[in-house]
Structures are given as C-alpha cells and as structure tokens.
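Step one of this worksheet: look at the structure below.
Residue numbers start from 1 in every chain, and the chains themselves are labelled A, B, ... in the order their sequence lines are given, proteins ahead of strands. Since we're looking at a predicted model, the values are computed, not measured.
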Amino acid sequence: MDIQDSLNPAQKQAVVTTVGPVLILAGAGSGKTKTLTHRIAYLIENEGVWPNEVLAVTFTNKAAREMRERLGSLLQQNASVRHFMPWMGTFHSICVRLLRIDGSSVGVPPNFVVYDESDRQGLIKQAMKQLHITDKQIRASAVSSAISSAKNQLLGPAEYRTTAQYPFQEQVASIYERYEHLRREAGALDFDDLLLEVVGLLRHHEAIRNKWRSQFRHILIDEYQDTNAAQYAIVKSLVGEERNICVVGDDWQSIYSWRGADFTNILNFERDFPGATVIKLEQNYRSTSAILEAAQNVISKNTARTDKKLWTDTPAGLPVQVHQVYDESEEAQLVAGRVGSQVAMGARRYGDFAVLYRTNAQSFNLERSFLQQRIPYQIVGGVRFYDRKEIKDVIAYLRLLYQPNDRMSFSRIVNVPTRGIGATSLEKFLIWQGESRQDIIGALTNVESANGLTPRARNALVKLGGTLRILQAKVLTETSPSEIIETLIERTGYREYILDGTPQAEEREANLSVLVSDAKNYVALPDFLEEAALMSSVDTAEDYEKVTLMTIHAAKGLEFPVVFMVGMEENLLPSSRSLEAGQAELEEERRLCYVGMTRAREELHLSYAARRAQFGDFRFNMPSRFLSDMGHELMVAPSFQQPNNDDDWSELPDFDIGDMVRSSQFGSGEIIDVDGMAVTVVFSSGQTKKLNVEYARLEKI
DNA sequence: TCATTTAACGTTTTT
DNA sequence: CGTTAAATGA
C-alpha cells in the first residue's frame with residue numbers, strides 16, 4: 001500500500017511538500033494526526049530520511065505515544081522495517097533529553113530532577129519563609145504563576161525586577177531570586193526551566209546548536225497555536241538552513257493562553273519563515289453537519305481569528321440538543337439517565353460517551369449520579385496517579401537517591417514513616433549539612449559529628465542514612481527501578497507504615513504495586529523519574545468500557561460518538577473570570593466551547609441549570625451566550641419541572657439524631673448530633689466523626 | 001520536641 | 001471528603 005493512498009488532495013500536499021517551511025492550518029477533525037504520521041512515514045520511506053533525523057513535537061505524551069504506534073504500523077506495512085523511531089514527545093520531554101546530553105554547558109547537573117507544580121510551590125513556600133514573607137498575604141500559588149509567566153517570557157529574576165511596578169511584583173522578584181537559588185542547590189529544574197535552559201543552551205553555544213540543527217533535518221510541531229515564547233525560541237534555534245519545518249495548528253482551538261501560549265505564533269509563521277507553503281485542511285471527517293454548523297456559528301463570532309470554512313459530506317444527523325434543568329444534580333441525573341438507557345437499548349457502549357465540563361469541581365455531582373445508577377465511568381485529569389501521597393513519597397525517596405542534594409524530597413520523607421524527627425531537628429540538620437559541604441546522604445552517615453541535635457534525632461538520622469546508602473549503591477550499580485522500589489518499600493518500613501489498619505490501606509498498597517509494575521517498563525532510574533514527572537493527568541490510557549468524564553481542556557484532540565457538555569451557563573462557560581477580564585479572554589472561552597463541541601461525532605447534548613451551587617452558595621446563572629450563538633437548528637428539550645418543594649436542601653436527605661447511615665469511607669454508624677450541615681456519627685468501628693453532609697456521601701439506611 | 005487532634009478551607013483550565 | 005495549618009498534649 002502506498003502511503004498517499006487514503007489521503008485527500010490537501011492532505012496529500014501536506015505529506016509530499018517536504019522541502020522548506022510548511023504551515024498546515026488544520027480544522028477540527030480534519031485528519032491532522034493522520035496527516036502528520038503519514039508525512040513522517042513518507043519522509044522515511046520515500047525520501048530516505050533516517051528516523052533519528054526527524055523531530056516531532058506533540059502536545060501531550062499520549063499524543064506522542066499514539067503517533068508512535070500509528071507510525072509503527074504504517075511503516076510495518078511497507079517493505080523496509082526500521083526498528084527505531086524519530087524523536088517524538090512533548091517540548092518538555094524533548095528538552096529533558098537534550099539537557100541530559102548537553103546540560104552541563106549551561107550549568108545543569110547531569111543528574112537533575114524535575115519538579116512538578118506542587119514541588120515548585122513547596123519550594124516557593126520555603127523561599128518565602130526564609131524571607132519572612134507570610135503566606136497569608138501572598139499566596140504561594142500566585143507567586144508560582146507569576147514566576148512561571150516570567151520564565152515563559154524568558155525573564156530571569158534580575159530582569160523581572162526591573163519590570164516590577166507594584167509592591168506585589170517587588171516581593172515576587174525577591175522570592176523568585178531566592179527560589180532560583182534553592183532550586184539550583186537542590187539540583188532541580190521546574191517545568192519552565194526545562195524550556196528555558198534549552199533556550200539558553202541553543203542561544204549561547206553555537207557548536208551545540210549546530211550539532212542539533214544538522215541532526216534534526218526535519219522538524220514537525222503539532223498544536224503550534226499552543227506554543228509559548230520559550231518554545232517558539234527553541235523552534236527558531238533548531239530550524240537549520242534547509243528550513244524543513246512543518247507546523248500544524250488551528251488558531252480556533254487555542255485554549256492555553258493563560259499558560260503563556262501565544263497563538264499569534266501561528267499567525268506569524270509566514271512572516272517568520274518567508275516563502276512558506278500554506279495548506280488548509282478544511283474537510284471535517286468527524287462530526288455530522290448539524291454539529292459542525294452549530295460549532296462554526298459559535299466560533300465565527302470571534303474577531304481575532306483566521307478565516308476557514310469547515311465542511312463535511314456527512315449527513316446532517318441529529319440536531320444539537322439543549323437541555324434546561326433545575327440544578328446540577330438534575331443535570332447529572334439527566335446525563336446518567338441518557339447514557340444508561342442508550343446502553344440498555346443496545347444502541348451504544350459506555351465508551352461511546354464523554355461528559356465535558358469547564359471546571360474539575362463539576363465532576364462531583366456527575367460521579368454521584370453515575371455511581372447511583374451503576375454506570376461505569378472514568379475521570380481523566382483530576383488527581384493524577386502520580387499525585388497520590390504514597391506515590392509521591394516513594395518518588396521523593398527515589399529522587400533523593402538519584403540527586404542527593406534534593407532538599408525538598410528529603411524534607412518530604414525524612415519523617416515518613418515516622419522516625420521521631422520533627423521540624424526542629426530537621427532544620428538543625430539541614431543547617432549543619434549546608435555548612436559541612438556534603439550531600440544529604442553523606443551528611444546523614446556522618447551526623448555524629450553534628451552538634452545541637454538530640455540523641456534520639458541523631459540516631460534516627462544515622463539509621464536513615466544507612467538505609468539510603470544501601471539503596472543508593474543499588475542505583476549506582478544500575479539495579480532496575482522496580483527492584484529499587486521494592487527494596488525501598490521494605491527497608492524503610494514504608495509498607496508497614498501504609499498498612500495502618502484503616503480501610504484505605506488496601507488501596508494504597510495496590511497503588512504501590514501499580515507503581516512497581518509501571519517501573520518495570522524502565523531500564524534505568526532516571527528514565528522512570530522523568531516519566532513520573534512529565535506524565536500529565538490526561539495521559540491515562542483510555543478504557544473503552546467506561547464513560548469518560550473530563551474538562552474541556554483535557555478533551556482536546558479526542559473524539560466521541562456522543563458528547564454531553566454540561567454547565568452551559570454564564571459565569572461557568574464563559575467563566576466569571578473571563579467575563580471580568582475582557583474581550584480577549586472571552587474569545588478564548590468561545591474557542592473552548594468550540595473545542596468541546598467539535599469532539600462530538602454523532603450526538604451533541606448541551607445542558608444548563610437554572611440554579612447551581614457555586615462558591616458556597618446558590619447562583620442563578622443565565623444560559624450561556626454561546627447557546628444563542630449556535631443558531632436556530634437546535635432542538636430544545638422539554639424544560640424541567642420545578643421540584644414541588646421549595647426547601648433549599650431538597651436533594652440532600654434529612655438527617656436526624658438516631659438515624660443509621662453508611663459512608664463509603666467509614667462503614668455504617670449512628671447519628672448522635674446534627675448541627676446544620678455538620679453531622680456527628682458514631683461508626684461501628686467505634687470511631688466518632690463529624691462530617692459535612694454536603695461533601696460526605698452519607699447514605700441513609 | 002514530637003505526635004496526635006482539631007479547625008478551616010475548597011472554585012478555572014495544565015506541560 | 002480531602003488536605004493543610006494551628007493547637008494541644010506527652
């Protein structure tokens with residue numbers, strides 16, 4: 001089979017135009033991934049390009065994995081099979097690889113570790129503490145996003161200070177400075193540093209830049225509308241004299257400007273790379289024309305955009321359906337009910353459905369209804385597997401073994417499991433360790449010579465040091481990651497620590513087993529650590545037997561036969577923040593709405609509630625303006641009946657003293673006190689808990 | 001000085 | 001319900 005066979009003319013052109021800059025404006029559902037993979041296959045098969053001369057950048061690890069698989073089967077069908085692959089991955093993972101090789105030129109240690117958002121905020125809190133800035137007045141998360149956007153604009157602490165105007169920015173400048181100092185000491189890089197250091201590497205080291213330029217003879221960038229200034233700088237540096245750069249994107253689907261993404265990068269591509277071939281993919285293969293038309297009506301209200309006209313030759317299909325409901329729990333019931341009946345009729349499988357929402361908080365009610373109606377579901381995003389406490393603990397141990405200057409990780413695990421080392425002892429130890437010019441593990445084993453520590457703390461530290469030293473030896477002899485983890489869990493007493501007799505113990509242990517089997521996929525510890533840090537919450541494997549629940553952001557690039565978009569209300573979509581912020585932000589919300597709608601292949605349902613519990617009380621939001629933008633071809637489903645009781649708590653069962661209840665967490669018990677939302681329950685296990693009926697899923701029995 | 005108990009809080013979107 | 005920070009007790 002020829003690589004070009006299944007392609008339409010525009011796609012074919014995108015595949016065979018292999019010389020010079022190429023801009024592919026790919027509308028939603030226009031076969032973008034297919035085109036990209038075919039292009040790579042074509043380069044390798046027909047143009048004699050070696051796989052390792054190709055650099056393909058994707059937006060998520062999942063997209064990279066998918067592309068790798070597709071490319072594998074594409075190349076296998078053809079004569080010559082090469083068992084190695086192009087460089088594929090997110091900007092972040094590519095940068096990790098470059099820095100492992102050449103990072104020493106810009107002062108990045110070869111064994112650096114990657115800090116995620118919560119690590120970064122932890123370090124910011126430490127920096128603030130050292131500067132005696134209370135985290136009451138400035139939130140660490142605010143500092144974090146300020147630092148992040150500074151880094152995304154390629155501003156170091158000094159440059160940032162010169163731009164500071166307000167007292168807040170002055171303070172951030174100091175924290176930023178301190179943070180960078182601590183981060184360097186720990187041998188760690190945060191997400192933004194990965195990009196920033198590579199920018200510096202390529203800018204200031206001509207030989208290295210030229211090396212990579214001649215290595216990557218063909219560069220492909222997916223989701224180019226979501227690149228930020230740092231990523232843009234990397235692209236510009238890597239493109240060599242041949243200028244074989246191909247970017248794919250859709251300004252209509254730019255939804256990450258709050259993260260520093262700048263879709264003018266795609267609008268300026270022709271200016272940056274003169275003589276570029278521009279190819280528009282406008283035929284949509286995904287959605288029915290009813291869905292496509294409604295989506296097009298929404299997006300066309302934006303002013304800052306390119307002109308495109310998506311078309312399809314598929315039939316109109318069912319009209320887009322709008323459902324008005326009374327409140328969020330009725331909304332959830334409606335969705336779950338629809339899913340349940342369609343599956344019961346045999347018309348669909350659970351995996352055919354996706355429910356999309358603006359904020360993660362909205363998943364709660366949906367989950368409850370799905371549980372009640374016994375419909376299997378999976379949440380994509382939300383809490384990452386690698387964000388669970390037991391997992392982060394083990395990762396912290398591993399990081400410390402690999403990078404024994406990582407104070408953050410050390411502080412996390414020094415008293416986990418409990419060893420009798422509290423805040424005071426830790427601080428004393430760290431001060432001494434800092435002065436003694438040894439790394440943490442070395443300092444632990446020599447801690448006898450430290451003074452000021454209580455004998456109890458000293459003994460505990462020595463013992464910990466011994467254990468870590470043994471484990472560290474295993475890292476150096478390149479024992480497999482899974483083996484290291486297993487030894488670690490035993491030797492540190494971590495297994496005993498999580499088996500504390502509570503009902504969650506089993507789940508925690510199961511999570512550790514998953515971690516061990518995950519680790520079996522990696523030969524060396526650094527590879528595993530990198531994956532753990534860069535694995536995003538949307539990178540979870542899909543399950544075809546479950547309904548998918550996720551944010552609209554997380555749904556980008558996916559498609560489903562039936563999509564429900566819930567919470568189509570003013571102040572939610574568009575969000576209240578965007579309404580306050582202004583026109584540009586509102587246009588981004590509109591794009592977000594467009595992205596959500598175009599995920600649907602056959603059926604699209606939109607719902608809005610008259611009343612919604614938001615920010616602690618009840619809001620009465622207007623239907624989203626995007627609904628009226630969609631045109632008149634919508635089917636408005638029968639409106640809700642106002643529940644006959646006007647009690648605010650109608651969905652929550654009434655609880656009285658003496659009632660028997662069941663909790664998924666604590667088992668069954670008896671209510672002994674009721675105080676507004678707070679209910680005191682004595683459980684059969686003997687423990688007494690004060691629970692909030694709004695959050696605890698208490699079931700009356 | 002450390003560990004356990006109690007109170008307060010939760011709302012964008014994420015590599 | 002989870003997590004986190006303060007308060008309390010050993």
Could you tell me how far apart A/Ile255 (CD1) and B/dT13 (P) are, to the nearest whole angstrom?
13 Å
N/O (side chain, A/Lys428) to phosphate O (OP1/OP2, B/dT1) under 4.0 Å:
yes
Closest of B/dA3, B/dT12, B/dT15 to the A/Ser575 side chain is B/dT12
B/dT12, OP1 or OP2 - any side-chain N/O from A/Arg577 closer than 4.0 Å?
yes
Can you tell me how far P of B/dT14 sits from CD1 of A/Ile552, to the nearest Å?
11 Å
For atom NZ of A/Lys125 and atom C1' of C/dT3, their distance in whole Å
10 Å
When rounded to the nearest Å, what value does the distance between C1' atoms of B/dT11 and C/dG2 take?
15 Å
Is A/Thr551 close enough to B/dT14 that one of its side-chain N or O atoms is under 4.0 Å from OP1 or OP2 there?
yes
Whole angstrom is fine here: how far is it from CD in A/Glu569 over to P in B/dT11?
19 Å
Specify the separation, in whole Å, of atom CG of A/Leu356 and atom P of B/dT12.
20 Å
Within 6.0 angstrom of A/Glu427 CD, more than 12 heavy atoms from elsewhere:
no
With nearest nucleotides of DNA chain B determined for A/Arg456 and A/Ser148 from heavy-atom distances, which residue corresponds to the more 5′ nucleotide?
A/Arg456
Could you tell me the separation between the NE2 atom of A/His553 and the C1' atom of B/dT13, rounded to a whole number of Å?
4 Å
Once you round to the nearest 0.5 Å, how far does CG of A/Asp222 lie from OG1 of A/Thr90?
12.0 Å
Is the ring centre of A/Tyr115 less than 6.0 Å from the ring centre of A/Phe191?
no
Mind calculating the distance between CG (A/Asp192) and P (B/dT14) to the nearest angstrom?
16 Å
Cation-aromatic face contact A/Arg508/A/Tyr497, 6.0 Å, 45 degrees
no
Does A/Asn360 make a side-chain N or O approach to OP1 or OP2 of B/dG10 shorter than 4.0 Å?
no
Determine whether the aromatic ring of A/Tyr256 stacks with the base of B/dT13, defined as ring centroids separated by less than 5.5 Å and ring planes inclined by less than 30°.
no
Identify which nucleotide among B/dT15, B/dC2, B/dT14 has an atom closest to any side-chain atom of A/Ser425, counting heavy atoms from C-beta outward.
B/dC2
5′-ward residue of the pair A/Ala423/A/Ser578 relative to DNA chain B
A/Ala423
With a 4.0 Å limit, can you tell me whether A/Thr424 has a side-chain N or O closer than that to the phosphate oxygens OP1/OP2 of B/dC2?
yes
Validate the cation-pi geometry between A/Arg591 and A/Tyr594: distance from NZ or CZ to the six-membered ring centre under 6.0 Å, angle to the ring axis within 45°.
no
Could you tell me whether the phosphate oxygens of B/dA3, OP1 or OP2, come under 4.0 Å of any side-chain nitrogen or oxygen in A/Asn415?
yes
Classify the nucleic acid contact of A/Ser93 as base, sugar-phosphate or nothing, counting any heavy atom under 4.0 Å across all strands shown.
nothing
Cationic N near anionic O, under 4.0 Å, A/Arg120 to A/Asp193
no
Rounded to the Å, how far apart are A/Arg139 CZ and C/dA5 C1'?
16 Å
Please tell me if A/Lys556 has a side-chain N or O lying less than 4.0 Å from either OP1 or OP2 of B/dT13.
no
